[in-house]
Amino acid sequence: MAEKFDAIVVGAGPSGNAAAYTLAKAGRKVLQLERGEYAGSKNVQGAILYADALERIIPDFREDAPLERHLIEQRMWVLDDESFIGTNYRSDEFNRPPYNRYTIIRAQFDKWFAQKVQEAGALLICETTVSDLLMDGKRVIGVRTDRLGGSVYADVVILADGVNSMLARKAGFRPELDPGDVALAVKEIHFLPQETVESRFNVSGDAGVVIEMVGKITKGMMGTGFLYTNKESLTVGVGCMLSDFKKQQCSPYQLLEEMKAHPAIRPLLEGGEMKEYAAHLIPEGGYNAIPQIYGDGWMIVGDSGMFVNAVHREGSNLAMTSGRLAAETVIELAAAGKACSARNLALYRQKLDDSFVMKDLKKYRNMPDIFHRNPHFFTTYPELLNQAAHTMLRVDGVDKKEKEREIRSSFTRKRSLLGLMGDAYKMWRAFE
Ligand SMILES: Cc1cc2nc3c(=O)[nH]c(=O)nc-3n(C[C@H](O)[C@H](O)[C@H](O)COP(=O)(O)OP(=O)(O)OC[C@H]3O[C@@H](n4cnc5c(N)ncnc54)[C@H](O)[C@@H]3O)c2cc1C
């Protein structure tokens, strides 16, 4: 292990695999270290895979990647206690290859990706935890692992170690995690016969459906719920900000139980056999919570850098893209005969700034703060919208003009005209 590598990648999730694969493919000498028994053994995700990010790394991934269903329909539900109002988007264009989004099972997917990394020439060692970064002054020169004599050296260390990123915190590259910047998500996988999944969601073949949910299911906490179709199972989960769970003294498990009992969700899960339960943090602090992501001899990629777009539930694609861009930075510097100094690694930040990763996170930079400070977006508005739909759809002899008046007054009663205008402005600021 005293050997020197061009790069060490810590972690074999999507960001680490993308970085290690890109480097190895370019002929760099790469060591990848993963604490899990195998890549994916410790990883949790919904999970939707966004093809574009992976296609830019492995163009022919569809040939053998373990994919569940390609997504042809997205439902967005705003839930009240007993009802929901929502939108559906379904397109046959999404049903024509090459497909754009897939559901996956992360344990299988990460294992497959890690296999590709090894085939590209990287050395992956699992069941090995990196405990420290080796420093020469301010410069990272390698890592210490929990293996005997486990110090190993490299020109650059890429931290792809996920949301907790103990290493970056220990080295002082990143502050302690703020509970207001991370969501705690819990999810279950419910197994059902393939025909049941298909008839329940009106799909056939490998096509699938996604349901994203907001509203009363999170009890005023900032968060969302989700339900995804896999081949022979459904993934159902909910996540809220960790600080909100603490404040409300509410258990995530209890929240998921109540969500599953909602009259809109219960029938979809009926008869399923729950086989997997997992909980994991998601970095949702957004653009304003991104730490320093490069320095002398090191870069941070993926969840460790807070690269998650919570509005669109995109994380793995930002992880893979940041991993690829970090690797491309190293490759470019090597080609130019330049060292991996902080000054030169600034190129990584520049590449990220030019990509959708930073552009999207910047677009939604006000969102976490605005929604966190205005819980009525998760309670009052779902209630009002559902009531409005109910009032309009119920045929009871009341004329439609009167119904409109009733709906308008329910909004102003609950939020006042000034409150409504203020909320409209906040919404605009959150999504501007
Ligand atoms: C419930 C849930 C649902 C989600 N749904 C989606 C979704 O549908 N679509 C989407 O795109 N994203 C989703 N995400 C987000 C997505 O999972 C993450 O953004 C993505 O996994 C980040 O990848 P990563 O490689 O940066 O980190 P991780 O996937 O967390 O990988 C980090 C790896 O590093 C290893 N590691 C950590 N510390 C060390 C150490 N010291 N030494 C050695 N190894 C170490 C870990 O074992 C792990 O394998 C979801 C997340 C959750 C929790």
Side-chain angles (χ1 to χ4, degrees), residues 8-20 31-54 68 71 101-107 109-111 113-114 124-133 143-147 150 157-170 182-189 210 212 223-228 230 235-240 252 256 276-284 300-310 312-323 326 357:
I8 294 173
V9 178
V10 184
S15 64
N17 283 335
L31 172 66
Q32 187 180 24
L33 299 167
E34 165 58 47
R35 67 180 174 182
E37 189 189 339
Y38 57 88
S41 62
K42 288 199 176 283
N43 294 341
V44 178
Q45 190 183 318
I48 300 177
L49 172 78
Y50 302 94
D52 176 75
L54 183 56
E68 291 285 308
L71 296 169
R101 299 183 302 161
Y102 297 88
T103 46
I104 52 165
I105 307 286
R106 267 293 294 276
F109 176 78
D110 285 7
K111 214 172 178 179
F113 202 168
L124 166 67
I125 305 181
C126 291
E127 293 186 280
T128 305
T129 300
V130 174
S131 49
D132 283 292
L133 295 176
V143 300
R144 184 174 298 119
T145 72
D146 61 354
R147 290 189 174 232
V157 174
I158 298 179
L159 296 171
D161 52 345
V163 55
N164 283 310
S165 195
M166 180 268 292
L167 292 168
R169 283 189 281 142
K170 227 171 161 181
V182 283
L184 174 59
V186 288
K187 65 153 215 184
E188 292 176 353
I189 301 189
V210 164
E212 302 284 3
T224 52
F226 56 89
L227 194 151
Y228 303 150
N230 306 315
T235 302
V236 60
V238 64
C240 294
L256 182 56
E276 257 185 67
Y277 175 84
H280 206 275
L281 293 176
I282 310 179
E284 292 195 354
I300 289 178
V301 297
D303 275 14
S304 178
M306 283 268 164
F307 301 139
V308 165
N309 179 344
H312 292 267
R313 203 185 286 289
E314 294 178 25
S316 61
N317 54 335
L318 279 70
M320 285 189 268
T321 303
S322 57
V357 173

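Counting starts at 1 for both ligands and their atoms, in listed order. A quick note: this is a predicted structure, and the numbers were derived from the prediction, not measured. Below, each value reflects all heavy atoms present in this structure, side chains not excepted, and no hydrogens, waters or symmetry copies.
- Residue R35 has at least one nitrogen or oxygen atom sitting less than 3.5 Å from a nitrogen or oxygen atom of ligand 1, judged on distance alone.
- Heavy atoms of S304 found under 4.0 angstrom from ligand 1: none, in either backbone or side chain.
- Where the criterion is an N or O separation shorter than 3.5 Å, residue side chain and backbone included, A319 fails it with respect to ligand 1.
- For ligand 1, the polar-atom distance check finds an N/O of G315 within less than 3.5 Å of one of the ligand's N/O atoms.
- Residues meeting the side-chain contact (heavy atoms from CB on, under 4.5 Å) test with A319, sequence neighbours left out: P14, S15.
- Under a 4.0 Å criterion applied to the non-hydrogen atoms of Y228, ligand 1 contributes the atoms 8 (O).
- Distance OG1/T103 to CD/E68: 5.5 Å, rounded to 0.5 Å.
- Residue contacts with ligand 1: D303 is placed with a nitrogen or oxygen under 3.5 Å of a nitrogen or oxygen of the ligand (distance criterion only).
- Applying the 4.0 Å criterion to heavy atoms of I282 picks out, from ligand 1, the atoms 2 (C), 51 (C), 52 (C), 53 (C).
- Rounding to the nearest 0.5 Å gives a distance of 5.0 Å between CG of N17 and CZ of F113.
- Heavy-atom contacts from other residues, nucleotides or ligands closer than 6.0 Å to CZ of R313 number more than 12.
- Among the atoms of I48, some N or O lies under 3.5 angstrom from an N or O of ligand 1.
- Listed by number with element, the atoms of ligand 1 under 4.0 angstrom from any heavy atom of A185 are 1 (C).
- Polar contact with ligand 1: present for V130 (N/O pair, distance under 3.5 Å).
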- Query: Checking side chain to side chain contact (heavy atoms under 4.5 Å, CB included) for the pair V163/V308: CA distance, chi angles, key distance, verdict?
  - Reply: CA-CA 10 Å; V163 55; V308 165; over 6 Å; no

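- Near G11, meaning under 4.0 Å from any of its heavy atoms, are these atoms of ligand 1: 33 (C), 34 (O), 35 (C).
- Taking each of S15, G36, G302 in turn, the one with a heavy atom nearest to atom 24 (P) of ligand 1 proves to be S15.
- Which of S165, G162, A53 comes nearest to atom 30 (O) of ligand 1 through a heavy atom is settled by distance: it is G162.
- Annotation for ligand 1: atoms under 4.0 Å from non-hydrogen atoms of A47 are 8 (O).
- In this structure, the side chain of Q32 does not engage the main chain of A20 through any donor-acceptor pair within 3.5 Å.
- Taking 4.0 Å as the cut-off, A160 counts as a neighbour of ligand 1 on heavy-atom distance.
- Ligand 1 lies nowhere less than 4.0 angstrom from a heavy atom belonging to G239.
- Side chain of T128 to main chain of C126: a donor-acceptor pair is present (N/O by atom type, distance under 3.5 Å, no hydrogens or angles).
- Every N/O-N/O distance between E314 and ligand 1 stays at or above 3.5 Å.
- At least one N or O atom of E34, backbone or side chain, sits closer than 3.5 Å to an N or O atom of ligand 1.
- A heavy-atom distance below 4.5 Å is not found between the side chains of V130 and D161.
- Note on ligand 1: Y50 sits in its first shell, one or more heavy atoms being nearer than 4.0 Å.
- How far CD of E127 is from CZ of R35: 13.0 Å, rounded to the nearest 0.5 Å.
- Between the side chain of K170 and the backbone N or O of S131 there is at least one donor-acceptor pair closer than 3.5 Å.
- Listed by atom number, the atoms of ligand 1 under 4.0 Å from R106 heavy atoms are 17 (O), 20 (C), 21 (O), 29 (O).
- If you take OG on S304 and CD1 on I158, they are separated by 12.0 Å, rounding to the nearest 0.5 Å.
- A distance of 5.0 Å separates CG in D132 from CZ in R144, rounded to the nearest 0.5 Å.
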- Please test V186 against Y277 for side chain to side chain contact (heavy atoms under 4.5 Å, CB included), starting from the C-alpha separation and ending with a verdict. CA-CA 7 Å; V186 288; Y277 175 84; 3.3 Å; yes

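- For ligand 1 and V10, the ligand atoms under 4.0 Å from any heavy atom of the residue are 40 (C), 42 (N), 43 (C).
- The shortest N or O to N or O distance between S316 and ligand 1 is below 3.5 Å.
- At a heavy-atom cutoff of 4.0 Å, ligand 1 is contacted by the backbone of L33 but not by its side chain.
- Looking only at side-chain heavy atoms (C-beta outward), I189 and I105 come within less than 4.5 Å of each other.
- When the heavy atoms of S41, P14, G13 are ranked by distance to atom 23 (O) of ligand 1, first place goes to P14.
- Using 4.0 Å as the threshold, T128 has a heavy atom nearer than that to some atom of ligand 1.
- Contacts between F307 and ligand 1 below 4.0 angstrom, taking non-hydrogen atoms only, are absent altogether.
- In this structure A53 satisfies the side-chain contact (heavy atoms from CB on, under 4.5 Å) test together with N317, M320, T321, sequence neighbours excluded.
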